[in-house]
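The analysis underlying the following values was restricted to heavy atoms, covering all of them including side chains, and did not include hydrogens, waters or symmetry mates.
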Amino acid sequence: IFTILYSFTNYDLFRKMDFVGLRNYVHLFSDGFFLTSVRNTLVYVVLTVIPPMALGLLVAVTLNGKLYARGFSRAAFYIPYIASTISISMIWLWIFDPSAGILNQFVHLLGLPRRAWLYDVDRAMGSIVFMSIWKTIGYNMVIYLAGLQTIPIELYEAARVDGSNAIQSFFH
């Protein structure tokens with residue numbers, strides 16, 4: 001409540017509080033940096049929430065079946081989520097390094113020019129989004145896998161007897 005009240009004032013803990021009305025909001029929404037940061041935040045949120053959920057569901061469905069090394073595969077997808085964000089960030093900084101990064105080495109082998117993945121305005125958002133998606137797929141996989149494993153096998157057998165294919169069994 002106080003934050004909302006202070007937003008209508010000119011207050012900095014050292015001077016007397018002056019009521020300025022909507023002037024702070026007019027200044028905020030006319031600032032190009034603020035509008036750019038809001039746009040970037042919305043893009044980041046959309047790209048790091050929806051794709052990891054979809055990919056996590058795809059991985060969960062795949063790893064829910066009978067698969068060789070299923071336990072190892074589940075752990076491999078979940079480890080990035082439980083690993084320290086700082087250590088993961090350092091690994092990705094090394095991967096995205098403009099001069100000696102693994103990604104640039106691979107790009108160079110393909111005959112393409114090296115990129116400054118995190119230093120280029122056009123590529124930084126995509127690089128960070130990719131890292132965030134990679135880190136959170138495992139969490140979503142575990143949540144969906146837990147849900148898939150609580151479905152009794154009898155329901156799938158009944159659907160098969162009724163003539164449902166795999167896609168119909170999944171959705172219904």
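- Residue V129 is not grouped with residue V121 when hydrophobic side chains (ILVMFWY) are merged at heavy-atom distances under 4.5 angstrom, including chains of intermediate members.
- Counting heavy atoms from C-beta on, the side chains of P80 and W134 come closer than 4.5 Å.
- Applying the ring-ring contact (aromatic ring centres under 6.0 Å, His included) rule to F29 yields the partners F34; only residues at least two apart in sequence or on another chain are considered.
- Separation of atoms CG (N40) and CD1 (I128) is listed at 9.5 Å; rounding is to 0.5 Å.
- Evaluation of the side-chain contact (heavy atoms from CB on, under 4.5 Å) rule for I95 yields I91, W92, L103 as partners, not counting sequence neighbours.
- Both I133 and Y139 belong to a common hydrophobic cluster when Ile, Leu, Val, Met, Phe, Trp and Tyr are linked at side-chain heavy-atom distances under 4.5 angstrom.
- In this structure, the side chains of M125 and S127 stay at 4.5 Å or more apart for every pair of heavy atoms.
- The minimum heavy-atom distance linking A116 with P98 is given by the pair CA-CB, 4.1 Å.
- No more than 12 heavy-atom neighbours from other residues, nucleotides or ligands sit within 6.0 angstrom of CD1 on I1.
- At least one side-chain heavy atom of L93 sits under 4.5 Å from a side-chain heavy atom of L118.
- By the criterion of side-chain heavy atoms lying less than 4.5 angstrom apart, applied directly or through intervening Ile, Leu, Val, Met, Phe, Trp or Tyr residues, V59 is not grouped with F72; the two fall into different hydrophobic clusters.
- Applying the ring-ring contact (aromatic ring centres under 6.0 Å, His included) rule to F8 yields the partners Y25; only residues at least two apart in sequence or on another chain are considered.
- Residue pairs meeting the side chain to side chain donor-acceptor pair (under 3.5 Å) criterion with at least one partner in residues 71-87, sequence neighbours excluded, are absent.
- Within 6.0 Å of atom CD1 in I86, 12 or fewer heavy atoms from other residues, nucleotides or ligands are found, so the atom counts as exposed in its surroundings.
- When side chains are defined from C-beta on, D97 counts as touching S99, because their heavy atoms get closer than 4.5 Å.
- If you take CG on L148 and CG on L63, they are separated by 10.5 Å, rounding to the nearest 0.5 Å.
- Side-chain atoms of N104 and W117, non-hydrogen and from C-beta on, do get closer than 4.5 Å to each other.
- Hydrophobic clustering, with ILVMFWY side chains joined whenever heavy atoms are under 4.5 angstrom apart, groups I167 together with I153.
- More than 12 heavy-atom neighbours from other residues, nucleotides or ligands sit within 6.0 angstrom of CE on M17.
- Here the side chains of L55 and N140 are not in contact, with every heavy-atom distance at 4.5 Å or above.
- You'll find the side chain of S89 reaches within 4.5 Å of the side chain of M131, heavy atoms only.
- Residues R23 and V26 fail the side-chain proximity criterion, which asks for heavy atoms closer than 4.5 Å.
- Looking at N24, its side chain does come within 3.5 Å of a backbone N or O of S7 through a donor-acceptor pair.
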Exercise. Evaluate the side chain to side chain contact (heavy atoms under 4.5 Å, CB included) criterion for residues I102 and W94: first the C-alpha distance (whole Å), next the side-chain angles of each, then the deciding distance (0.1 Å), finally the verdict.
Key: CA-CA 7 Å; I102 293 174; W94 177 60; 3.0 Å; yes
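- Among residues two or more places apart in sequence or in another chain, the salt bridge (Lys or Arg N to Asp or Glu O under 4.0 Å) test is passed with R123 by D120.
- V46 pairs with exactly one of V43, V49, I50 by the side-chain contact (heavy atoms from CB on, under 4.5 Å) rule, that one being I50.
- The number of heavy-atom neighbours closer than 6.0 Å to CD1 of I4, taken from other residues, nucleotides and ligands shown, is 12 or below.
- Side-chain heavy atoms closer than 4.5 Å link hydrophobic residues (I, L, V, M, F, W, Y) into clusters, and following such links, even through other members, never connects L42 to F33.
- For the atom pair OG1 of T136 and CE of M141, the computed distance is 11.5 Å after rounding to the nearest 0.5 Å.
- Here CD of Q168 is found 4.0 Å from CG of N165. Values are rounded to the nearest 0.5 Å.
- Separating the CZ atom in R160 from the CG atom in L155 is a distance of 11.5 Å, to the nearest 0.5 Å.
- Counting only residues at least two apart or on different chains, the side chain to side chain donor-acceptor pair (under 3.5 Å) pairs with a member in residues 43-65 are Y44-S132.
- Residue L145 holds its CG atom at 8.5 Å from CZ of R70, rounded to the nearest 0.5 Å.
- The backbone N or O of A83 lies less than 3.5 Å from a partner atom in the side chain of K135, making a donor-acceptor pair.
- In this structure, F170 places its CZ atom where more than 12 heavy-atom neighbours from other residues, nucleotides or ligands lie under 6.0 Å away.
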